[in-house]
Amino acid sequence: MELDMDAMASSIGVSVPVLRFLLCFVATIPVSYLHRFVPSSLGKHAYAFGVGAYLSYLSFGMSSNAHFLVPMLSGYASMLLFRRHCGIITFLLGFGYLIGCHVYYMSGDAWKEGGIDATGALMVLTLKVISCAINYNDGLLKEEDLRETQKKNRLIKMPSLLEYFGYCLCCGSHFAGPVFEMKDYLEWTERKGIWAPTEKGPSPSPYGATARAILQAAICMGIYLYLVPHFPLSRFNDPIYQEWGFWKRLSYQYMSGFTARWKYYFIWSISEASIIISGLGFSGWTDSSPPKPRWDRAKNVSILGVELATSSVQLPLVWNIQVSTWLRHYVYDRLVQKGKKPGFLQLLATQTTSAVWHGLYPGYIIFFVQSALMIAGSRVIYRWQQAATAHIKKIFVLVNFAYTILVLNYSCVGFLVLSLRETLAAYSSVYYIGTIIPIVFIFLGSIIKPVKPSQSKARKMQ
């Protein structure tokens, strides 16, 4: 079997550990499908937990489940013993343990060299554990003090240990997400809420949406395997890169980011297929006639939305969608004081949290600080765009599109190479253009304030 694994791994250019993970990851699709036929809610929780733990064992070894138990049990204990403060306690303990694992394993180096460990799955699990505890904490608060998302997701009753474990490891969904809420998991398992039979009929067929996600995954993997030999990250350390002119170096940075994204598109398409075929990906019906099912709950990326984004502000809405939603609900929104508008500090704190969640490599930290600058600069362009005339607006749309392409692909080099030396070398090779331009726009935005047309003028124009 080992010889077969070696041959299979070499044929597609990956290591044996990565191949083992990919096989288990793809296996989440049939495993999730079988969840539909498990009788009783109790049996479904046990199946979700047992299969998830077994796939983790096959992928990463027994130590992975030991690591997963630490945030899972500490989160559950905080809900059981300290409900009034269980949200912040679980947040600190979960992130503290994750940071410790990041430091100990330094997974980024292993991933760059073709290795893999359980840290990526632990990242997803940490978010699920924290959201569960915060929502249980919110169950104590008065409804009038809560935002709509808090009202929707809060937990009045503490989940049982089996429900909690089933949620955490549900059919291997912790491998790469998407992150989903405990309340949705419970309603899906018990066939309540939007999963309950209605006059529109039983739960819709997931097969068409699943097939689409699998086809998308295959196309994404094909594109990635074709591009990656032509645009390796090692080229940034190659003397020939330094011999190129400015525009060629900048173009190579774009193609490096473009190539790397197809790997993530593949991973998220497989996880989307897994969640859809289980039924959990169902998110309601459209208002069309006849109504059509929506499968947004499983969606983690919009490929065209990323590659053709006309504003950097759009990127969190189309890239790693469920994690971006988590960060907005559990970090960004909760840092905004009631009655006040969010500002750059809330954005920076959210991006820093995301950086620490990914790992403590300088490249991650720099990328997410860059992201905060990128979004802030894009907001300035958008404000000017909104105040401009119709013809000038079109110019600003093109400016924002070009700005987003430039700064995004410049910034993501740090996310890919990780080390401080390589990140700064890549940035300096294009004269820090992707850092300077956002700062210039932010500075100009503080000086050039767009003037909105008055209401009387607006009425005359109508």
Side-chain angles (χ1 to χ4, degrees), residues 45-46 48-50 52-53 56 63-104 118-143 145-147 149-170 173-174 177-187 189 322-323 325-336 349-350 352-360:
H45 293 308
F49 165 58
S56 297
S63 62
S64 65
N65 288 322
H67 280 302
F68 298 157
L69 280 174
V70 175
M72 287 165 63
L73 290 177
S74 62
Y76 197 80
S78 70
M79 290 193 293
L80 188 65
L81 302 174
F82 309 104
R83 181 175 185 180
R84 192 168 295 279
H85 305 290
C86 64
I88 187 64
I89 291 173
T90 304
F91 192 102
L92 294 175
L93 291 177
F95 264 90
Y97 189 74
L98 179 62
I99 290 169
C101 288
H102 276 316
V103 172
Y104 182 79
T119 312
L122 183 63
M123 289 164 61
V124 176
L125 183 65
T126 298
L127 300 188
K128 294 173 78 173
V129 166
I130 291 172
S131 65
C132 181
I134 290 177
N135 288 325
Y136 186 56
N137 197 160
D138 285 347
L140 290 174
L141 304 178
K142 295 179 180 178
E143 192 166 336
D145 296 332
L146 301 177
R147 296 182 177 87
T149 53
Q150 290 177 281
K151 294 176 185 177
K152 177 180 176 293
N153 297 324
R154 69 174 182 159
L155 299 169
I156 305 300
K157 178 185 173 185
M158 183 168 176
S160 70
L161 192 60
L162 184 59
E163 291 171 338
Y164 179 75
F165 277 15
Y167 160 73
C168 288
L169 302 183
C170 180
S173 60
H174 60 298
V179 179
F180 48 85
E181 301 291 350
M182 168 64 89
K183 192 171 183 180
D184 291 334
Y185 167 79
L186 292 175
E187 289 185 349
T189 303
Q322 304 306 328
V323 171
T325 300
W326 188 97
L327 287 166
R328 185 171 71 250
H329 290 165
Y330 297 104
V331 181
Y332 186 79
D333 286 347
R334 292 170 189 264
L335 291 175
V336 180
T350 304
T352 302
T353 302
S354 184
V356 172
W357 178 70
H358 281 86
L360 298 184

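The CD1 atom of Ile89 sits 9.0 Å away from atom CG of Leu81, with the distance rounded to the nearest 0.5 Å. Note that CG of Asn137 and CZ of Phe91 are 13.0 Å apart. Values are rounded to the nearest 0.5 Å. Ile88 CD1 to Leu93 CG: the interatomic distance, rounded to the nearest 0.5 Å, is 10.0 Å. For the atom pair Leu125 CG and Leu98 CG, the distance stands at 9.5 Å (nearest 0.5 Å). Here Leu140 contributes atom CG and Leu155 contributes atom CG; the two are 11.0 Å apart, rounded to the nearest 0.5 Å. Residue Ile134 holds its CD1 atom at 11.5 Å from CE of Met79, rounded to the nearest 0.5 Å.
For the residue pair Tyr330 and Asn135, a side-chain donor N or O sits within less than 3.5 Å of a side-chain acceptor on the partner.
Every residue two or more places apart in sequence or in another chain was checked for a side-chain contact (heavy atoms from CB on, under 4.5 Å) with Ser63, and none qualifies. Residues forming a side-chain contact (heavy atoms from CB on, under 4.5 Å) with Ala118 (at least two apart in sequence, or on another chain): Phe60, Ser64, Phe68. Residues satisfying the side-chain hydrogen bond (donor to acceptor under 3.5 Å, both in side chains) criterion with Ser56, sequence neighbours excluded, are His174. Qualifying ring pair (Phe, Tyr, Trp, His ring centres under 6.0 Å) partners for Tyr332, counting only residues two or more places apart in sequence or in other chains: none. With sequence neighbours excluded, no residue forms a ring pair (Phe, Tyr, Trp, His ring centres under 6.0 Å) with Tyr136.
When every heavy atom of Pro71 is checked against every heavy atom of Ser74, the shortest pair comes out as O-OG, 3.1 Å. What you find for Asn65 and Ala53 is that their closest heavy atoms are ND2-O, 3.0 Å. Residues Thr90 and Ser78 come closest through the heavy atom pair OG1-OG, 2.6 Å. Among all heavy-atom pairs drawn from Val124 and Ser173, the shortest one is CG1-O, 4.2 Å. Here the shortest heavy-atom pairing between Ala46 and Leu162 reads CA-CD1, 4.0 Å. When all heavy atoms are compared, the tightest approach of Cys132 to Pro159 is SG-CG, 4.4 Å.
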| request: Let me see the working for Cys170 and Phe180 under side-chain contact (heavy atoms from CB on, under 4.5 Å), right down to the final yes or no. | output: CA-CA 10 Å; Cys170 180; Phe180 48 85; 4.1 Å; yes

| After noting the C-alpha distance and the side-chain angles of Cys101 and Leu122, does the key distance pass the side-chain contact (heavy atoms from CB on, under 4.5 Å) rule? | CA-CA 9 Å; Cys101 288; Leu122 183 63; 3.7 Å; yes

| field | Stepwise side-chain contact (heavy atoms from CB on, under 4.5 Å) test for Ser131 and Glu181 | value | CA-CA 7 Å; Ser131 65; Glu181 301 291 350; 3.9 Å; yes

| message | Let's go through Leu73 and Phe165 carefully: what are the C-alpha distance in whole Å and the side-chain angles of both, what is the deciding distance for side-chain contact (heavy atoms from CB on, under 4.5 Å) to 0.1 Å, and is it a yes or a no? | response | CA-CA 9 Å; Leu73 290 177; Phe165 277 15; 3.8 Å; yes

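The salt bridge (Lys or Arg N to Asp or Glu O under 4.0 Å) contacts involving residues 125-143 comprise Asp138-Arg334, Glu143-Arg154, where partners must be two or more places apart or lie in separate chains.
Between the Trp326 side chain and the Leu127 main chain, a donor and an acceptor come within less than 3.5 Å of each other. Panel note: side chain Tyr185, backbone Cys168; no donor-acceptor pair is recorded below 3.5 Å. Judged by distance alone, with hydrogens and angles left aside, the side-chain atoms of Arg147 form a donor-acceptor pair with the main-chain N or O of Asp333 at under 3.5 Å.
The shortest distance between side-chain heavy atoms of His45 and Ser160 does not fall below 4.5 Å. Looking only at side-chain heavy atoms (C-beta outward), Trp357 and Val323 come within less than 4.5 Å of each other.
For an aromatic pair to be called close, the ring centres must be under 6.0 Å apart, and Phe95 with His102 fails this. Outside the 6.0 Å centre-distance limit, the rings of Tyr164 and Phe49 are not counted as a close aromatic pair.
In Phe82, the CZ atom is not crowded: 12 or fewer heavy atoms of neighbouring residues, nucleotides or ligands sit closer than 6.0 Å.
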